[in-house]
Amino acid sequence: MTELPWLYAGLLAYALATVVAMVGIGRLSSAVAATAPSLAAAGISESQRNNERLVLALMTAGVVLLVVTLADRWVRIGHGPFVNLFELLISQLFSLGLVYTIAYWRIPVLRTTAVVVLPLMWVLGVWVLALEPSDSVFPPTYHNPWLWAHVGFGKFFLAFSLIGTGLAGVILLRGRPFFRRLFSHLPNDVILDKLAWRFMLLALVFDSLMLIAGAVWAQDAWGRYWAWDALETSSFLNWLLLGAAIHARTTYKVPIRLGAILIISVFVFAFVTYFGTPFYSEAAHKGVI
Amino acid sequence: MLLLAIGAALSYDNPADTSIWVLVVPMLLLAVNLIAAIISNPRINRRGGLLVFHLGLLGIVLLAAIGRLSHMEGRVEIVTGSEFTRESLSDVRSGPLHNGALDQVRFVQGPFTVEYRARMMRGLTHSYVAIPDSEGGWRELVVGDDRPLLLEGYRFYTTFNKGFAPILSWIADDGRPVETGAVHMPSYPLFDFKQSNSWTPQGGEEIKFWLQLETGLTDKEAWVLDGRNATGTLVVNVAGERTELLPGQSVEMPGGTLRYEQLSTWMGYKLFYDPTLQWMFLTAFMTVVGLGVHFWRKLTTEPLGLDDKQQAKRRKIAQDSTAVSRAKTVQES
């Protein structure tokens with residue numbers, strides 16, 4: 001298992017990024033309390049920027065180390081991370097980290113969500129540490145380019161849902177006085193809510209693409225494009241839930257906090273779909289390998 | 001959507017034992033709802049992207065319905081060297097409107113190989129088939145796993161189900177014509193330990209036999225199943241006595257003579273037919289394109305960082321400036 005040291009190093013980088021993000025937001029909140037409302041005058045901007053740069057560097061390091069982990073394992077066992085839960089979790093830690101790091105870099109308002117997003121990613125990090133790092137056998141039906149498309153679109157769907165959830169988490173946490181102070185430098189809830197739903201709409205696009213690519217792959221691999229297996233049904237229910245949530249938001253103008261709960265519900269459902277099904281069956285798609 | 005979610009949940013991992021109506025009724029209601037929304041809701045029918053998205057959803061529901069009404073599924077086992085026939089299909093399920101050209105499907109099964117890794121992990125399957133070409137001859141194709149044989153819209157997928165088939169002849173004592181046939185032994189190597197079957201020739205008694213195979217099977221290292229490299233000894237029970245036959249050998253039995261002609265193989269295929277497949281893919285793709293266009297327009301016309309009031313103000317300014325420039329254009333002209 002030559003990939004394990006790289007995995008531990010990658011997880012350590014994510015852990016440090018989490019700690020630094022939390023320390024940074026704590027400092028910022030103290031400064032805001034002391035000097036509000038003018039942050040620029042407080043002279044903390046440069047310090048905060050340094051903190052954000054450090055978080056970005058650590059997350060980038062984590063992503064790179066996980067790429068090395070995956071590459072090393074790929075070379076050793078001869079196939080990509082598509083089969084057992086151990087490699088699926090590493091792959092998700094990589095892709096979620098990559099998308100979130102890019103978003104963190106390009107969209108400054110998202111940076112505070114690191115205190116919600118990174119701990120969520122740590123659920124996967126702790127889980128992967130608890131698993132037996134076993135090798136897997138690549139099934140003959142996985143030699144198909146649509147598998148790549150299916151998995152790739154799924155990763156973007158989950159990553160955008162995670163970012164939406166980070167924003168929704170900030171909105172909900174701001175209901176508490178302590179967190180209201182902690183997140184007081186962020187734009188108001190209306191803007192965060194709009195941004196969160198943008199990511200959920202983007203998640204719907206990639207969720208749809210994932211289902212389509214998965215159906216094409218299933219048709220090639222198993223001679224049917226849809227069979228209501230456990231993972232297919234969960235994915236479809238997740239798509240319905242996401243569609244219903246977006247409908248509810250646009251049609252019924254649901255309150256911002258309720259909308260945030262809906263976003264988190266979609267992410268939790270997606271999380272259970274992705275990572276709960278392996279409890280139900282040993283393979284991602286039960287009985288079809 | 002809620003009813004559809006309930007229907008999907010009821011079908012969870014158990015579609016065979018769940019009534020199709022738990023999905024059909026919500027789909028019908030959803031289709032009606034989609035039609036009503038597309039016609040009456042200006043937020044849908046005046047926005048190109050959203051309109052395409054909702055029309056696409058409607059199209060998917062309709063195509064799924066047409067697909068189920070006209071589909072066909074089944075299984076078939078074909079012995080190497082023999083031609084596919086419709087009569088050899090089993091477990092056939094088809095929609096009431098199925099109207100394919102299955103009778104025109106012709107192909108001959110050739111040899112096949114299946115790769116195995118250590119510990120009997122199945123790898124790639126290569127199945128050689130011959131299909132008629134335009135010049136009256138035959139053309140060879142290789143199919144297997146995710147590469148189905150596609151003929152007249154029917155897709156034949158290789159399965160893990162394959163095995164050996166001794167070719168037997170029965171020469172009856174009463175002068176009936178010689179009867180020759182292949183007996184499909186259980187799937188191999190899944191049932192390596194019980195390669196037994198029976199056959200009752202016309203006018204004869206049931207013959208029970210076993211097949212002792214030499215295929216090079218090993219679970220310690222990689223191995224390739226190839227019927228051309230296999231040998232098999234047929235063990236027949238004649239009047240309580242064990243008799244071993246090699247290809248070409250015969251044994252006298254009550255009522256006639258059993259001749260073991262040769263050892264062959266059979267490949268199991270899954271048959272699938274759905275004339276809506278390409279249309280379904282195209283429609284689903286257009287549906288997502290519609291959603292993508294809607295998202296893109298939203299992103300470009302309502303930038304992030306502005307709240308609703310600011311955005312409304314921004315839209316008004318944009319509309320006013322457009323109106324002013326139009327007025328100027330009219331004046332100039």
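Convention: sequence-line order gives letters A, B, ...; per-chain numbering from 1. If you're wondering where the values come from, they're calculated on a predicted model, not measured in any experiment. Heavy atoms only: backbone and side chains are in, while hydrogens, waters and symmetry mates are out.
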*Asks:* For B:R43, does the CZ atom have more than 12 heavy-atom neighbours from other residues, nucleotides or ligands under 6.0 Å away?
*Replies:*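 More than 12 within 6.0 Å, yes.
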*Asks:* Counting only heavy atoms closer than 4.5 Å, note whether B:F285 contacts chain A via side chain, backbone, both or neither.
*Replies:*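 Just the backbone, heavy atoms under 4.5 Å.
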*Asks:* Under 4.5 Å heavy-atom distance to chain A, tell me which part of B:L57 shows up: side chain, backbone, both or neither.
*Replies:* side chain
*Asks:* Contact part of B:H71 toward chain A, heavy-atom cut-off under 4.5 Å: side chain, backbone, both or neither?
*Replies:*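 When you check distances to chain A, no heavy atom of B:H71 falls under 4.5 Å.
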*Asks:* So, taking the atom named CE in B:M280 and the one named CH2 in A:W226, what distance separates them when rounded to the nearest 0.5 Å?
*Replies:* 10.5 Å
*Asks:* Where on B:D274 is there a heavy atom nearer than 4.5 Å to chain A: the side chain, the backbone, both, or neither?
*Replies:* side chain
*Asks:* If every non-hydrogen atom of B:K270 is compared with every non-hydrogen atom of A:W222, which pair is closest and at what distance?
*Replies:*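 Nearest heavy atoms, B:K270 then A:W222: NZ-O, 3.1 Å.
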*Asks:* Quick one, B:K298 with A:L201, criterion side-chain contact (heavy atoms from CB on, under 4.5 Å). Give me CA distance, side-chain angles, the key distance, then yes/no.
*Replies:* CA-CA 10 Å; B:K298 215 170 171 51; A:L201 193 54; 4.1 Å; yes
*Asks:* Answer yes or no: are there more than 12 heavy-atom neighbours, outside A:W74 itself, under 6.0 Å from its atom CH2?
*Replies:*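 Yes, CH2 of A:W74 has more than 12 neighbouring heavy atoms, counting only those of other groups under 6.0 Å.
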*Asks:* With a 4.5 angstrom heavy-atom cut-off, is it the side chain or the backbone of A:H143 that approaches chain B, or both, or neither?
*Replies:* both
*Asks:* Counting heavy-atom pairs under 4.5 Å to chain B, which of A:D193, A:L204, A:L211, A:L241 comes out on top?
*Replies:*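 The answer is A:L204.
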*Asks:* List the atom of B:V288, the atom of A:S208, and the distance in Å for their closest heavy-atom pair.
*Replies:* CG2-CB, 3.6 Å
*Asks:* For B:R117 and A:F138, what are the C-alpha separation, side-chain angles and deciding distance, and is it a side-chain contact (heavy atoms from CB on, under 4.5 Å)?
*Replies:* CA-CA 10 Å; B:R117 282 157 287 198; A:F138 205 58; 4.2 Å; yes
*Asks:* Just verifying a value: how many Å separate B:L291 CG and A:I246 CD1, rounded to the nearest 0.5 Å?
*Replies:*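 That separation rounds to 7.5 Å.
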*Asks:* Would you mind checking which part of A:V205 comes under 4.5 Å of any heavy atom in chain B, side chain (CB onward), backbone (N, CA, C, O), both or neither?
*Replies:* both
*Asks:* Rounded to the nearest 0.5 Å, what separates atom CZ in B:R155 from atom CG in A:D220?
*Replies:* 7.0 Å
*Asks:* What's the spacing between A:L240 CG and B:I6 CD1 if we round to 0.5 Å?
*Replies:* 11.0 Å
*Asks:* Is the number of heavy atoms from other residues, nucleotides or ligands under 6.0 Å of A:F156 CZ greater than 12?
*Replies:*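 No, CZ of A:F156 has 12 or fewer neighbouring heavy atoms, counting only those of other groups under 6.0 Å.
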*Asks:* Please classify the contact between B:L277 and chain A as side chain, backbone, both or neither, with a heavy-atom cut-off of under 4.5 Å.
*Replies:* side chain
